[in-house]
Amino acid sequence: MVRFRFRWFAILAVAGISLLGSRPAMAQSPTGAQTQLQNEIDQLKQKVEALEAANAQLQHLDQQVKIVDRKLDQQQSATREEALTRPVVDVGPDGFFIHSQDNSYNLRIGGYMQADGRFYLSEPKPTGSEFLIRRLRPYFEGTVAKYYDFRFMTDFGQGTTTLEDAYADIHYWPEFRLRVGKFREPVGLERLEEDRAIKFVERGLPTDLVPDRDLGFNLHGDLFAQRVEYALGFFNGTPDNTATDDSDNNDGKDFAGRIFVHPFADTSLEYVRQLGLGIAGTYGDERSTTIDSTYKSTGQAVFFTYAKGVIASGPRYRYSPQFNYYWRSFGLLGEYVQNTQRLLLPSSKNAHPQPISNQAWQLAATYLVTGEDATYGQVKPRRNFDPIDGGIGAWEFAARIDKLLIDRDVYKYGFASSSTSALEAFEWSLGVNWYLNPNVKMQFDYEHTGFRYGAAKGHDRPDESVLLSELQLQF
Amino acid sequence: MSFSKILFAAAGLLTVLGRFTPAMAAAQTILNVSYDPTREFYADYDAAFEKYWKAKAGQDVAINLSNGGSGKQARAVIDGLEADVVTLGLAYDIDAIADKAHLLPADWQKRLPQDSSPYTSTIVFLVRKGNPKKIKDWPDLVKPGIEVVTPNPKTSGGARWSYLAAWSYALKAPGGNEAAAKEFVSKLYKNVPVLDSGARGSTTTFAERGIGDVLLSWENEAYLALQQFGTGKFEIVYPSSSILAEPPVALVDRNVDRHGTRAVAQAYLEYLYSTDGQEIAAKHFFRPRLAAAAKQGPDFPPIKLYTVEEIFGGWQNAQKTHFADGGMFDQIYRPGPSPSG
């Protein structure tokens with residue numbers, strides 16, 4: 001329609017202009033005038049045809065633009081749809097992530113290194129002072145099919161290669177999760193704290209009496225809006241402060257269970273909100289397994305060893321009431337562990353299984369002088385250390401007292417020697433933690449441990465004083 | 001009284017209460033995954049069904065509708081979109097769901113009348129008002145300078161029907177054979193400047209964006225365009241022949257059993273065959289199976305309609321020959337600059 005009107009307008013306009021310009025020609029003879037008029041009409045037609053062609057070309061160009069525009073729309077729509085399914089790659093303080101848009105599938109690659117220094121100040125030195133790579137642990141963890149988590153972690157520290165974690169965790173409901181594989185038994189409070197998050201270079205003495213990682217499964221979860229955590233597991237059974245060597249040499253298995261509650265999580269009273277109370281324990285029947293547990297000071301020197309040939313010979317149970325408390329920058333952690341095991345020394349006269357009951361406790365306090373909130377997990381500084389920007393990171397002071405008491409009957413039944421194995425260790429520590437940023441931490445501890453027995457002729461093993469340092473880097 | 005006796009008594013009481021209080025049954029939601037041009041139809045149909053089901057079963061039902069190119073929708077269901085029912089553009093797409101995802105049995109088409117196709121449609125031409133390019137029949141679409149808008153047969157059910165309609169015309173034309181049909185359809189697709197993923201996208205391209213001279217459209221979609229954009233902008237041209245399109249519907253058994261929605265989903269499909277359902281279909285410019293309902297819709301002009309069975313030997317053959325990877329369409333269509341350029 002537009003083209004139709006344009007055509008006639010063009011004709012009339014050109015005709016009008018031509019007629020105005022041709023007045024003097026009308027004075028010519030009739031034949032000449034007709035020829036001139038015919039010429040003018042022909043010229044008009046040519047001009048109109050040219051205008052029509054130009055218009056058609058314009059319309060064609062208009063169509064082309066619209067087609068390109070539409071294709072662009074389609075491309076953008078396809079890109080948006082594709083973006084919904086494209087995996088997301090993320091790198092930051094918490095490691096390297098790749099995950100699907102809906103996070104049903106994700107993979108995190110991380111790791112941490114702890115480079116330690118141990119300097120014994122006391123004489124005689126229980127062992128040589130040293131630098132060491134305490135832990136070097138790369139790990140993969142992630143999720144498949146939305147409800148199945150996994151974690152694989154190895155350790156290359158101290159010249160060994162160990163499989164630390166290898167488990168799958170099925171979690172359709174946060175209240176009921178099933179973990180299967182190799183992972184920490186749910187017992188010791190400080191043992192369950194991540195290696196990267198502990199507030200001292202080495203864990204306290206109660207950790208000597210609780211199991212480390214073991215093979216098995218447990219049902220665990222959070223109840224009542226995370227006010228209650230629980231875990232119930234079934235494991236191969238592992239000696240004190242030991243991780244399984246990924247096999248079991250007997251039929252005896254351990255049950256492990258733990259419940260930990262935050263009874264005041266919803267209260268308006270801020271200072272009690274982060275009080276946690278719990279109890280954990282294990283029960284198993286281990287027989288004929290050689291007891292090769294050793295107990296170490298917090299400076300990692302062995303102060304107690306069972307005699308050669310001592311074997312497990314009956315039920316073993318542990319129980320551990322525990323608590324932690326956090327209020328603003330202040331944190332407190334406490335636990336008690338009792339470990340009772342029937343032991344036997346077959347080579348001794350009139351050998352009978354005897355119950356040996358060892359105990360330990362600790363109380364540790366921390367305070368973040370830079371104002372961050374104290375936590376059971378990892379501390380993240382408010383301002384990273386940056387000498388150019390003036391950030392100082394987070395600074396934390398820590399203090400601990402702890403004690404380990406071995407059952408005196410170990411001497412009576414020949415399960416240990418008083419001249420090489422102490423019955424008691426009492427330790428106190430002072431520490432400073434410097435969190436430079438979420439990924440780098442430095443720790444400096446002074447630890448002093450006193451002993452009863454454990455030296456020749458019934459004397460006390462010499463006190464141990466040690467300076468421990470650690471640089472931890474994680475990603 | 002022992003605990004077990006109390007438990008059994010409680011279970012029995014709950015069962016009895018459940019039987020005699022159907023009105024207390026919880027509301028249900030079903031998902032209808034449909035092909036592109038059914039939005040308006042199912043908006044009206046779903047409202048009618050919800051009333052019907054409430055009156056019949058005393059239960060509230062909410063129906064969620066998903067629309068898209070038929071092939072694309074089928075793939076979404078195969079990939080996990082939990083449709084309770086599928087109402088797609090062609091039987092092959094539902095066969096693919098049965099074959100690849102085993103969500104319904106292979107003989108699904110026999111479970112409802114007329115091969116599970118409650119209404120039919122066909123493919124027509126939608127042109128600009130006044131038909132400036134004088135498009136009357138299929139041969140006009142392959143002339144130089146004509147731009148044809150049609151969706152992508154790889155994703156759209158309507159596009160596959162259009163392709164088969166064009167092929168059928170060329171095959172049945174005097175002197176027609178497979179080679180001539182291939183040449184004809186090749187020329188036609190050379191005149192296609194842009195392929196949308198579904199019928200609704202193509203309608204947008206043609207009607208809203210002003211691209212192209214003719215839209216190969218579902219018949220119902222063409223009438224909807226007239227209704228939506230006004231009869232002053234477009235006209236419908238019926239070619240001499242076209243294809244009988246039979247969009248099917250099916251229950252997705254594994255999903256309804258998992259959701260507990262079998263009864264309501266089955267009723268939802270059966271209601272399509274009722275007088276109400278057929279009249280709604282007719283009002284939305286489909287060709288109802290129930291002849292009496294047809295008067296609710298327009299008087300469709302007569303047109304020779306070929307079936308997929310008679311020309312192509314069924315959808316399995318048609319899909320394999322023309323639309324599978326490396327098939328005839330892939331050989332014919334090469335995306336490139338606009339045919340008028």
Does [X] [atom1] have over 12 foreign heavy atoms under 6.0 Å away?
| X | atom1 | result |
| --- | --- | --- |
| A/Tyr317 | OH | no |
| B/Lys136 | NZ | no |
| A/Gln226 | CD | no |

At their closest point, which heavy atom of [X] faces which heavy atom of [Y], and how far apart are they?
| X | Y | value |
| --- | --- | --- |
| A/Gln74 | B/Leu195 | NE2-O, 3.0 Å |
| A/Lys66 | B/Arg209 | CD-O, 3.1 Å |
| A/Arg70 | B/Asp196 | NH2-OD1, 2.8 Å |

Note to self: List the residues meeting salt bridge (charged side-chain N to carboxylate O under 4.0 Å, His left out) with B/Glu183, not counting sequence neighbours, and say none if there are none.
What the structure shows: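 Counting only residues at least two positions away or on another chain, B/Glu183 forms a salt bridge (charged side-chain N to carboxylate O under 4.0 Å, His left out) with B/Lys187.
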
Check: Between CG of A/Asp73 and OG1 of B/Thr205, what distance do you get to the nearest 0.5 Å?
Finding: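 These two atoms lie 8.5 Å from each other.
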
Notebook entry, point to check: Rounded to the nearest 0.5 Å, what separation is found between the CD1 atom of B/Ile211 and the NZ atom of A/Lys71?
Noted result: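 With rounding to 0.5 Å, CD1 (B/Ile211) is 9.5 Å from NZ (A/Lys71).
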
If you look only at distance, which donor and acceptor atoms sit under 3.5 Å apart when one is on a side chain in residues 68-80 of chain B and the other is two or more places apart or in another chain?
unit_1  : atom_1 : unit_2   : atom_2 : d
B/Ser70 : OG     : B/Gly89  : N      : 2.9
B/Ser70 : OG     : B/Asp93  : OD2    : 2.5
B/Lys72 : NZ     : A/Glu81  : OE1    : 3.4
B/Lys72 : NZ     : A/Glu81  : OE2    : 3.3
B/Gln73 : NE2    : B/Ser34  : O      : 2.9
B/Gln73 : NE2    : B/Ser66  : O      : 3.0
B/Gln73 : NE2    : B/Ser66  : OG     : 3.0
B/Arg75 : NH2    : B/Lys154 : O      : 3.4

